[in-house]
Each structure stands twice: as structure tokens, then as C-alpha cells.
Amino acid sequence: MCGIIGYIGKRQAYPILLEGLQRLEYRGYDSAGIATVDDAHGTTTITTHKDKGRVDVLKQYSSVGTMGIGHTRWATHGVPSTVNAHPHLDCSSSIVVTHNGIIENFRELKENLSGHHFRSQTDSEVIAHLIEQHYKGDLHHAVMHIIPMLKGTYGLCVLHKNKRELVVARNGSPIVLGIGSGEQFVASDAAALLPHTKQVIYLDDFETGVVAENGMKIFNKNNQLVTKEIKTVAWDVEMGQKHGYKHFMIKEIHEQAQVVRDSLSIAVDIPLLNQTAEPKVKKLFIVACGTAAYAGLIGKYVIEQVARVPVEFDIASEFRYKNPIIEKGDILLAISQSGETADTLAAVSLAKQKGASTIGIVNVMDSTIARIVDYVIYTRAGPEIGVASTKAFMSQLIVLYKIAEQLSGTALGLEQLPLLVEEVLKKDAAIREIAKKYALVYNFIFIGRNLSYPLALEGALKMKEISYIHAEGYAAGEMKHGPIALVTDDVPCVAIAPRDSVYDKMVSNIEEIRARRGKVIAIASEGDHAIQKYCEDVIFIPRINDVLTPFLAIVPLQLLAYHIADLRNCDIDKPRNLAKSVTVE
Ligand code: F6R
């Protein structure tokens with residue numbers, strides 16, 4: 001959450017920082033700001049432009065200077081407003097700070113700082129004043145001095161108008177340093193640096209750094225210089241473009257056949273899951289958040305059904321506080337597109353503390369989760385920019401199915417999927433026509449059974465997050481235990497009803513909804529003309545063995561949500577109140 005960018009070099013910083021913030025905007029977009037240091041005329045001054053709203057609000061400004069920092073915010077403390085936008089200055093306007101994370105003890109720190117003038121309601125501003133209080137000519141030294149006072153999480157990028165350097169620090173919020181020639185960069189995400197460099201250094205927790213034009217120094221928490229590995233980012237700048245699509249989300253939905261193709265080549269042969277040697281895997285734990293969690297729930301069903309290995313599934317935010325029974329010998333699978341989700345990360349740390357082994361299914365290379373797990377499997381979704389996750393989900397499913405294959409020693413026929421996913425994607429225009437009938441409703445219900453139950457949850461999540469239509473996902477069998485009370489002729493119900501082992505049960509549930517004048521949109525198997533009799537609309541998907549249906553049924557759910565949101569003129573790639581990477585609890 002929140003995006004940080006920093007530049008020091010010979011070029012004008014403002015346009016570089018602005019472009020970087022546009023790339024980071026998916027991390028938060030309620031306000032934005034840039035500070036640059038102008039030292040061209042003998043005196044040095046910091047110029048700050050900040051505003052409420054999207055990063056584009058900064059286009060109306062410019063400033064001079066070859067060093068600066070920028071920030072795009074997802075508000076935690078203090079409403080989105082110009083004063084609460086970062087960067088934050090100290091009293092003398094000499095020090096300027098951008099911060100990701102939450103300083104939990106900021107009130108106490110503020111009370112103990114006498115004589116300082118605070119301008120904002122944020123937790124972050126206190127950092128600028130603390131540094132001011134302890135600055136004696138060495139900015140890194142002052143940052144090192146105040147860090148032990150901070151309780152909470154931080155990714156920090158700080159500058160002083162009289163120092164030709166950026167000082168960075170990390171604890172719980174990512175900081176990446178980009179290496180250029182005669183210029184250096186700081187970001188909270190390597191993807192933001194791609195137009196400039198693919199050579200990066202990832203800061204670890206409790207490390208700090210001093211970034212100067214011609215190089216950088218990294219220090220551990222004892223202030224000792226450390227040598228860090230330079231990594232090459234695998235993605236290209238090209239991959240983060242819209243390529244003529246109206247939104248990243250629809251582009252990413254259409255990339256899914258290729259994502260499945262690419263994901264098929266992921267080698268999943270995890271030593272920890274080797275069932276031909278002792279000890280065999282007795283139980284797995286799966287944790288994740290949001291869409292990644294729904295992929296995990298499908299993974300649980302498939303691993304249990306195919307490999308007969310019990311799987312405990314938890315939403316990461318619940319897992320970490322429920323005092324889970326997990327111990328040495330257990331294996332925890334954490335799923336995360338960003339690899340930075342705070343709750344998933346905390347669940348991994350907890351599992352490690354309790355002696356369990358950990359496996360990460362992660363999309364972003366070298367992200368925090370990827371680096372702390374015992375074994376990482378990278379998904380091959382490429383950069384996912386739309387805030388609503390689509391192609392990452394598809395790639396996560398492939399990995400989970402491959403794990404089921406490894407555990408069971410049975411092939412699941414995944415290689416047939418790319419062509420079939422392509423077939424479903426051809427229904428895009430037809431699904432838009434259906435979407436037109438429902439674009440103005442206020443509520444939606446999604447139902448499914450067995451593997452289609454997590455899909456109902458995911459379909460409802462997609463609908464609510466991008467179209468703002470209230471949507472609930474239920475296990476179809478649960479309807480008569482309460483939710484059916486919601487059914488009226490203006491609450492459409494999406495029923496995921498492929499010709500699988502629970503098809504007849506689903507048809508009964510559909511009939512019960514119809515009997516209460518509910519309108520049903522069915523996702524059904526090609527050739528199932530009978531279902532058309534009970535449903536207002538049917539979206540057909542190719543017939544396939546039961547276990548593989550989620551790969552095909554998810555696509556109409558994504559497209560339906562997308563088109564309804566588009567018809568409602570919603571800001572699909574940046575839905576209100578959301579951020580792609582949830583790095584705070
Ligand atoms: C929904 C969505 C979120 C994420 C969740 C986990 O479309 O994108 O629910 O799936 O925040 O994020 P990652 O996968 O980055 O851990």
C-alpha cells in the first residue's frame with residue numbers, strides 16, 4: 001500500500017518521479033505528492049507539490065531539481081487531503097520524508113516532541129520531525145537514531161536539502177533500489193523502475209541505505225556495511241502496457257490463455273512434497289487473502305479429492321490470530337500475487353516460528369514472501385496491474401493443480417486448458433450483451449457447489465470490487481438456510497452449474513430460485529440445452545472433466561463483472577478504497 005519513488009542523478013527529477021508514481025498508482029491513489037531539491041542557484045530549496053486525488057493531479061505542476069522523492073497514498077491515518085498527502089516536511093522545510101506502513105506509536109512520539117509544528121493528521125509526519133530533532137549534519141545517522149523509536153512498519157525514503165543523497169530504511173514495507181549509470185532510483189516496487197533499469201537491490205527488514213548519484217551503501221541494523229546481491233528484474237517495460245485495451249483488467253483477462261500456457265511449464269517438484277520418501281505429507285495448510293485465498297480454497301478441494309491429503313484452509317488474517325495448531329513437520333502453502341500482503345506474510349512468519357516448513361506461490365520475483373519462505377514457486381502471470389486480480393488467479397490455480405499432481409502421482413490433463421480458455425474468451429461480446437441487462441441492479445447472488453463454490457465467492461468478489469454492486473457468494477446448498485430470503489425478481493443470481501457430479505443438485509437450487517421469481521444467469525456446459533428452460537441467460541463453457549471446470553468457469557465471471565462495471569462507468573483498474581498490494585494489516 002502506498003507507492004514510494006526516489007531519484008538522484010543528472011536529469012530533471014520531477015518528470016521521472018511523476019512517471020514512476022503513475023506506475024505505482026495501483027498501490028494507492030487517494031492523494032499524491034512530489035518533492036524536489038533545487039540547488040542550481042547557490043541556495044538549495046525543497047519544492048513540494050501535493051494534492052488530493054489521482055497521481056495525474058501532479059501533472060499541472062513542475063519543479064526544478066535533479067534529486068527528489070514522490071509518493072502515492074492509500075490513507076490509513078488522516079483523510080485523503082492535500083495536507084495529509086506525502087512527502088512530509090520538518091518544521092524548517094529542510095528534511096522531507098515519504099513513508100509506507102503504519103507508525104503505531106506516532107501519538108506518543110508526537111507528544112514527546114516539544115516545539116514542533118505539525119501540519120497533518122498522519123502518523124508519517126512524526127518521522128520528519130524526529131529526524132529534524134536528531135539531525136546533526138549526518139542524515140543517515142539521524143535516521144539510524146530514530147528507527148528504534150518507531151513501532152510498526154515502514155518503508156522510508158528521506159532527503160535533506162543540503163545533502164546530495166537519499167536515505168532509505170525498511171521494516172515490513174518493501175524498498176527496492178534501482179541501479180543506473182550516474183543516477184540511482186528508489187521505489188517500493190521494481191516494476192516502477194523498468195523504464196530506467198532492470199538491475200535492482202532489495203532491502204531486507206532493518207536494513208538502511210544511503211543512495212548517492214554514483215552508488216549506494218547498505219547497512220544492517222548494527223550499522224555495519226553489507227554487500228547485497230544485484231538482481232535482474234525478469235519483466236519488461238512492455239508487459240506493463242495496455243496495448244490498446246480500455247483497461248488493464250480486460251487486457252489481463254484476455255491474457256489468460258497465454259498465462260495458462262506459460263504456467264504449464266512451471267516445474268513443480270517440491271522436495272517437501274515428495275511422497276515417494278518418508279516422511280510423507282500428512283497434512284497441508286493453505287493461507288492467503290482475497291482472490292488468492294479463493295484460488296487456495298479450490299486448491300484445498302482439488303488436493304483433498306485427487307491426492308487424499310487433508311488440507312486446512314484459512315484466510316491469512318484469521319490464521320495469524322487464531323493460535324493455529326501448526327508445528328514442526330507441518331507444511332504451510334502461502335499464495336500471493338504481490339508477495340507483500342501483510343497478513344499472508346505474518347501467517348508465513350508465524351508458521352516458521354512454530355517450526356513448520358513454508359512454500360510460497362508468488363507472482364512478484366524477490367518479493368518479501370518469496371524471500372522468506374523455505375521454497376518458492378513463481379507463477380507466470382507477468383505483471384498484473386489491474387487492482388482486481390484475474391490472470392494471477394489463473395496461474396495460482398495451475399500451480400495448485402500441479403501440486404495435486406505431484407502429491408497424487410496422477411496427471412490431471414492440464415495441457416488441454418489453453419485452447420479451451422481461448423474458446424471461453426471468445427464469448428466476450430456475448431457476455432457484454434448479457435451484462436447490459438443487469439448493469440443497473442443493486443444486488444447479485446452467486447452460487448456454486450463443490451469446486452464451483454469458491455468460484456461463487458470469487459465471482460461475487462469481482463462483481464462488488466469493480467462495479468460496487470452488492471454481491472454475495474454462497475454454497476448453493478446453503479441458500480435455504482437463510483440467503484434465499486434475499487431472492488426477488490430484481491436480485492439476479494449467477495449459478496455456476498457445469499455438468500459435473502453436483503449438477504442435479506444445482507438444477508434443484510436453480511429451480512428453487514426460479515420458484516421465487518429470481519432471475520438466473522447460468523454458467524453451464526456446452527450442449528446443456530435443458531438448463532436454458534430454467535434460466536434467464538446461459539453462458540456456455542466447453543465440457544471438460546469435473547476437476548478442471550474452475551479454469552473455464554472463472555472467465556465468464558470475470559467478464560460479466562468487467563462489463564457490468566464498464567457499463568456503469570466505474571474506474572475499473574482503480575476501484576474506490578482499494579489498493580493492489582495490501583502491505584498494512
Ligand atoms: C481481488 C484482489 C485481492 C487480492 C488480495 C491478495 O481482486 O486482487 O483480493 O487477491 O489482496 O493479494 P496478493 O495476492 O497480492 O496477496
Side-chain angles (χ1 to χ4, degrees), residues 1 3 26-28 74 172-174 188-189 191 247-250 252-253 256 259 286-299 313-320 332-349 358 360-373 376-379 381-397 399-400 446 454-455 457-468 471 473 554-555 557-562 565 570-585:
M1 263 162 185
Y26 64 85
R27 300 180 71 92
W74 188 90
S173 286
S188 37
D189 188 331
H247 298 101
F248 278 110
M249 182 180 176
I250 188 72
E252 289 163 1
I253 290 173
Q256 290 182 110
V259 165
I286 294 183
V287 293
C289 299
T291 292
Y294 298 144
L297 191 50
I298 296 176
F313 164 83
D314 271 301
I315 299 290
S317 53
E318 287 298 310
F319 180 87
R320 60 185 290 193
L332 177 119
L333 266 175
I335 309 168
S336 176
Q337 186 287 128
S338 61
E340 302 292 349
T341 300
D343 285 317
T344 311
L345 182 57
V348 173
S349 303
T358 53
I361 301 176
V362 177
N363 195 43
V364 177
M365 283 270 190
D366 288 302
S367 52
T368 311
I369 295 174
R371 284 183 295 135
I372 69 161
V373 288
V376 60
I377 307 167
Y378 283 113
T379 45
E384 191 180 62
I385 315 266
V387 165
S389 185
T390 53
K391 61 177 183 167
F393 175 85
M394 198 59 115
S395 192
Q396 288 158 355
L397 282 189
V399 172
L400 289 160
F446 289 73
L455 283 182
L457 299 176
E458 171 60 4
L461 175 60
K462 285 283 96 78
M463 186 64 79
K464 64 188 131 193
E465 69 178 326
I466 57 168
S467 74
Y468 315 139
I554 184 60
V555 177
L557 297 174
Q558 296 166 340
L559 286 170
L560 189 67
Y562 172 80
C570 295
D571 195 348
I572 291 178
D573 285 333
K574 298 187 188 78
R576 117 186 132 203
N577 302 340
L578 295 179
K580 185 144 190 77
S581 184
V582 185
T583 54
V584 294
E585 220 187 308

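Both ligands and their constituent atoms are indexed starting at 1 by order of listing.
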Nearest protein heavy atom with distance in Å, relative to atom 5 (C) of ligand 1: C289 O, 3.5 Å

Heavy-atom gap K462 to ligand 1 smaller than 4.0 Å: yes

Closest protein heavy atom (residue, atom, distance) for atom 12 (O) of ligand 1: T341 OG1, 3.4 Å

Nearest neighbour of atom 10 (O) of ligand 1 from the list T291, L345, T344, on a heavy-atom basis: T291

Pair listing, salt bridge (charged side-chain N to carboxylate O under 4.0 Å, His left out) test, anchored in residues 288-299, at least two apart: none

Nitrogen or oxygen atoms of S338 and ligand 1 under 3.5 Å apart: yes

Residue pair M394 / I554: nearest heavy atoms and the distance that separates them: CE-CG2, 3.9 Å

Atoms in ligand 1 flagged as close to A292, the criterion being non-hydrogen separation under 4.0 Å: 10 (O), 14 (O)

Heavy-atom pair with the smallest gap, counting every atom of K391 and A381: NZ-O, 2.8 Å

Atom 7 (O) of ligand 1 - nearest protein heavy atom and its distance: E465 OE2, 2.5 Å

From CA spacing to verdict: side-chain contact (heavy atoms from CB on, under 4.5 Å), F393, I298: CA-CA 11 Å; F393 175 85; I298 296 176; 3.9 Å; yes

Among L345, T358, L333, the one residue meeting side chain to side chain contact (heavy atoms under 4.5 Å, CB included) with V373: T358

Nearest non-hydrogen protein atom, atom 14 (O) of ligand 1: Q337 N, 2.7 Å

Ligand 1 N/O within reach of V387 N/O, cut-off under 3.5 Å: yes

Closest protein heavy atom to atom 11 (O) of ligand 1, given as residue, atom name and distance to 0.1 Å: V582 CG2, 4.1 Å

Between T291 and E458, a side-chain donor and acceptor under 3.5 Å: yes

Those residues that, when tested against E384, pass salt bridge (Lys or Arg N to Asp or Glu O under 4.0 Å) (two or more places apart): K580

